[in-house]
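Chain letters run A, B, ... following the sequence lines, proteins first and then strands; every chain starts at 1.
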Amino acid sequence: MLDIQYIRENPETVKRTSQQKGYNIDVAHLLELDSKRRQLIQKSDELRAQLNKASEDFKNQPPSEEQRASLKQIKEQLVVLEDQQEQIDKVFTPLLRSVPNVFSDDTPTGGEEANREEKKWGEISDKNFEIKDHLTWLQQKGLVDFERGAKVAGNKFYFLIGPMVELELAVFQMALTLAKKHNFTAMTVPHLVNTRILEGAGFSARGDEKQIYKIENDDLNLIATSEIPLTGFHADEILDEKELPRLYAGLSPAYRMESGAYGKHNRGLFRTHQFNKLELYVFCKPEDSELLHQKLINFEEELCQVLEIPYRIVRIAAGDLGAPAYKKYDIEYWSPVDKTYRELMSCSNVTDYQARRLNIRFRSENGTNFVHTLNGTAAAMSRIPIALIENHQQSDGSLLLPKALRSVMGEGLI
RNA sequence: GGAGAGGUGGCCGAGUCCGGUUUAAGGCGCUGCUCUCGAAAAGCAGUGUGUCAGCAAUGAUACCGUGGGUUCAAAUCCCACCCUCUCCGCCA
């Protein structure tokens, strides 16, 4: 959510950035409602001032019939004004909340095709044997079972088996240790959140592209990432300036409907309805968010490097940002199977977009202001093992683990 | 599932029976000043969040879980709802 005052002062910017993000917002209508709304508030405040004054006068001496009649008249006017305001708010508030965040000046404009590669790391070596894709590899070794997943839950649900579970835990263990080293506090979180928190974090409970699982008969939704409950962690709080930045690492499953997400690029474990994830989350002062965004991307790079996964950093273009993001990077790993880079991690600075919606502020000598929030993937499961399976597969079909994992789980997987 | 207690400012907490200087006591925290070589302690003063108008000082208004109602006047009375906690039951 943007500050209405900012929209008043920069209507053209808001219009342009919304368009470039791919949202069609009627800014003129929003401002018109805003102006009407303010007029109504002013008028009804005046009437209330009259009533308050009157009740002061009548403290000792009850009002006469005549005075009662005139007070009644004022109250009737007030009811009309309040009603009008309510009508306007019904349109105004959702419209205001639907305005996407602006994006940073250096964001490339255009859609996904305009995403800009910023950095590459790691050797991309041609192996002298044919690398199996992760699904084939895992199924041949009996480490994943989609058929029984489908039987038990449905398509795109799965069981991970034996060493694959150990691998997942080893990656988490390693990532968590790294996060701790960088002063992130580990958290587990509620896997269900109410709709206010969900939408406050910028997710849609009933959007057109259905993504969130809803619990029937309860105002509860399965989380699509621990970012959602972590955003809500400090909802309605006023943090002390000295407590910032607050760095959290949330470990949880992520549940996603992913309706329509089929096709060969989503084969196997790359895109599923449920996966475990360690997510980094930051609450900070506005002036620190750019620096902390760099800290997040650096963390993600460090993790890839320790895992010896070749990657590149991509700067996300305006049309591909989504409503909350002000600035966003993706880290993509090199897939020797697909001969291309594929999404592995992501990290965003959403400035005060979530903080406004969930009323998360901090106090300083300049008064209370909204915090900035940031989020970044630390370790998304299935994706990291996929990257490892594709990049560290040996000619005999075994998987050579990166050194960083060997201390946790020994030599290779078979 | 059964019974009970409770939701008040940054935090703790009084006020609700009996409606009106409550611009919500008091404490903690925070800020400034005094004292001090400095700090602590102590003392003094200040310190809620929005909204609207205004360059500003400031003024007006709203907010005591939420929504209604009664009244000239509601944190306080009435109704409905939501949430939290405690005990019991069930249970990993």
Quiz item: Just checking, Arg383(A) and Phe270(A): is the charged tip under 6.0 Å from the six-membered ring centre and within 45° of the axis?
Solution: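 Judged by the rule, Arg383(A) and Phe270(A) form a cation-pi pair.
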Would you measure the distance from the [atom1] atom in [N] across to the matching atom in [M] and give it in whole Å?
{"N": "rU31(B)", "M": "rC88(B)", "atom1": "C1'", "value": "50 Å"}
{"N": "rA5(B)", "M": "rC18(B)", "atom1": "C1'", "value": "23 Å"}
{"N": "rC77(B)", "M": "rU16(B)", "atom1": "C1'", "value": "10 Å"}
{"N": "rU49(B)", "M": "rG9(B)", "atom1": "P", "value": "13 Å"}
{"N": "rC11(B)", "M": "rC64(B)", "atom1": "P", "value": "15 Å"}
{"N": "rA62(B)", "M": "rU21(B)", "atom1": "P", "value": "15 Å"}
{"N": "rC81(B)", "M": "rG59(B)", "atom1": "P", "value": "43 Å"}
{"N": "rG15(B)", "M": "rA25(B)", "atom1": "P", "value": "14 Å"}

Quiz item: Among rC72(B), rU61(B), rU49(B), which is the nearest nucleotide to the side chain of Ala49(A)?
Solution: rU61(B)
Self-check item: 5′-ward residue of the pair Ile238(A)/Lys53(A) relative to RNA chain B
Solution: Ile238(A)
Practice problem: By nearest nucleotide on RNA chain B, pick out whichever of Ser44(A) and Arg361(A) is the more 5' one. | Solution: Arg361(A)
Under 3.5 Å: donor-acceptor pair, side chain of [X], backbone of [Y]:
{"X": "Thr17(A)", "Y": "Val14(A)", "value": "yes"}
{"X": "His134(A)", "Y": "Pro385(A)", "value": "no"}
{"X": "Asp330(A)", "Y": "Glu332(A)", "value": "no"}

Quiz prompt | Euclidean distance, atom CG of residue Leu47(A) to atom C1' of rC72(B) [Å, nearest integer] | solution =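 Whole-Å distance recorded here is 16 Å.
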Quiz item: Atom CD of Glu82(A) to atom C1' of rG67(B): distance rounded to whole Å?
Solution: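 Glu82(A) atom CD is separated from rG67(B) atom C1' by 14 Å.
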Quiz item: Are side-chain N/O atoms of Ser346(A) and Tyr329(A) paired as donor and acceptor at under 3.5 Å?
Solution: no
What pairs of nitrogen or oxygen atoms, one from the protein and one from nucleotides 73-84 of chain B, lie under 3.5 Å apart?
unit_1, atom_1, unit_2, atom_2, d
rA73(B), OP1, Lys75(A), NZ, 2.8

Write out a two-atom table: protein N or O, nucleotide N or O from nucleotides 52-56 of chain B, distance below 3.5 Å.
unit_1, atom_1, unit_2, atom_2, d
rC52(B), OP1, Arg8(A), NH2, 3.1
rA53(B), OP1, Arg38(A), NH1, 3.1
rA53(B), OP2, Arg38(A), NH1, 3.4

Practice problem: Answer yes when Glu243(A) and Arg246(A) have at least one side-chain N-carboxylate O distance shorter than 4.0 Å, and no when they do not. | Solution: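 Yes.
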Quiz item: Does rU34(B) have a Watson-Crick or wobble mate here (both distances under 3.5 Å), and if so which one?
Solution: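 Across any shown strand, rU34(B) pairs with rA42(B).
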Quiz prompt | Paired nucleotide for rU84(B) [Watson-Crick or G-U wobble; both distances under 3.5 Å] | solution = rA5(B)
